[in-house]
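Working notes, beginning with the structure itself.
These numbers were taken from a predicted model, which means no experiment stands behind them. Atoms within a ligand are numbered from 1 in the order they appear, just like the ligands themselves. In what follows, residues are counted from 1 in the order of the sequence shown.
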Amino acid sequence: MLIDGHGRTVNYLRVSVTERCNFRCQYCMPEKPFSWVPKENLLSFEELFLFMKVAIDEGVTKIRITGGEPLLREDLDSFVKMIHDYKPDIDLALTTNAYLLPQTAQRLKDAGLKRLNISLDSLKPEIAHKIAQKDVLAQVLKGIDKALEVGLGVKINMVPLKGINDDEILDIMDYCKKRNIKVRFIEYMENRHANIDLRGMHGREILDKVKEKHTIHALGREGASPSFNYKIEDGYEFGLIDPHKHDFCENCNRIRLTAEGNLIPCLYFDEAMSIAKAVKEGDIEGASKVLAQVLKDKPKENRWSEDNPNEEDISTRAFYETGG
Ligand code: SAM
Ligand code: SF4
């Protein structure tokens, strides 16, 4: 079992396979970064997998593949299969913008993928275009349909932004309800890579929008899930991911691995330790030592404040690098 320096059990590893992306979401990567990680610095699937085996053997039971846009990485299904074959009962999921799902969903399902979280911020083509800075909506909706058709579990993530898509919270909820899939509203997390003009919606403002049409009943957090769950009058459940709330980090169970092998203890902070040398040398003990140190150093909580963020409290971490 993996326990961090604050007594929390860590059983969830998020693995980013690339920082590159085919979208330029305003809250994540509004412009192409000054430079990408050089291809030769990216860990191969085998190298990433070597670390993942160490983490699984020591207590990780849930793995999420993410990015950047993970479906940009060629032969991703072979990576999924490696993990699935090693531990078929692992909770194996992927987070994606869905753009490449129409042609990849079946192969991912066949390789052993169980679930997808899909980002869907608008059902209006021009607003989806404005957020992703590309005409994406039709292809994203096709991707969602394809994932459902092949039998993958689907959850939808929406980041409500003031004056942009804040009038679509109920529509997106309706869209998900009709398809019997769960939506999770994510508070915008201020970071230095995002478009400076953006204003996110606070969790309570998001709930107020839902209350315009529904009565809601709080269910609570689902284990160590970051999502606080609610139920509306007909039993439909949705989630709210509210990292600005003071108790958000209390049960944090996750660490993150980047595509170049940096093991990150917290989404907010810059601190990380590299496992690259260890996995390139096949040094299992070395990889395990880095894992132990990162757990020991895991911060108690993030610094997204409940009120307006202070300038110095805006995170410098890039979501496209850590995988969100
Ligand atoms: N490209 C994939 C996608 O968009 O789903 C996976 C990577 S993306 C970094 C993972 C998640 O992070 C997405 O759900 C996205 O909405 C969320 N995200 C990115 N930047 C964010 C921000 N500033 N605040 C809140 N959520 C953010
Ligand atoms: Fe790409 Fe996902 Fe970031 Fe949007 S949120 S820019 S799709 S990595």
Is it the case that [X] places NZ or CZ above or below the six-membered ring of [Y], under 6.0 angstrom from the centre and within 45 degrees of the axis?
{"X": "R179", "Y": "Y175", "answer": "yes"}
{"X": "K245", "Y": "F228", "answer": "yes"}
{"X": "K62", "Y": "Y12", "answer": "yes"}

Q: Decide yes or no on ring-ring contact (aromatic ring centres under 6.0 Å, His included) for F23 and Y99, but give the supporting numbers first.
A: CA-CA 9 Å; F23 289 15; Y99 196 81; 5.6 Å; yes

Q: Could I get the full list of side-chain contact (heavy atoms from CB on, under 4.5 Å) partners for T18, not counting sequence neighbours?
A: R20

Q) Considering residues at least two apart in sequence or located in another chain, which fulfil the side-chain contact (heavy atoms from CB on, under 4.5 Å) criterion with E149? A) K146

(Q) Surrounding CD of E126 (heavy atoms of other residues, nucleotides or ligands, distance under 6.0 Å), is the total greater than 12? (A) yes

Q. Which protein N, O or S atoms lie under 2.8 Å from atom 4 (Fe) of ligand 2?
A. C25 SG

Q. Is G68 near ligand 2, meaning one of its heavy atoms is under 4.0 Å from it?
A. yes

(Q) Nearest 0.5 Å, please: how far is NZ in K87 from CG in D57? (A) 7.5 Å

Q. Would you say the side-chain atoms of S288 and E58 include a donor-acceptor pair closer than 3.5 Å?
A. yes

Q.
Tell me if the aromatic rings of Y230 and F238 count as close, with their centers under 6.0 Å from one another.
A. yes

Tabulated below should be the N or O atoms of ligand 1 paired with protein N or O atoms at under 3.5 Å; can you produce that?
| from | atom 1 | to | atom 2 | distance (Å) |
| --- | --- | --- | --- | --- |
| ligand 1 | 1 (N) | G68 | O | 3.0 |
| ligand 1 | 1 (N) | E69 | OE1 | 3.2 |
| ligand 1 | 4 (O) | S119 | OG | 3.2 |
| ligand 1 | 5 (O) | T96 | O | 3.2 |
| ligand 1 | 5 (O) | S119 | OG | 2.7 |
| ligand 1 | 14 (O) | S119 | OG | 3.1 |
| ligand 1 | 14 (O) | N157 | ND2 | 3.3 |
| ligand 1 | 16 (O) | Y27 | OH | 3.3 |
| ligand 1 | 23 (N) | Y27 | O | 2.9 |
| ligand 1 | 23 (N) | M189 | O | 3.0 |
| ligand 1 | 23 (N) | N191 | ND2 | 3.2 |
| ligand 1 | 24 (N) | M189 | N | 2.8 |

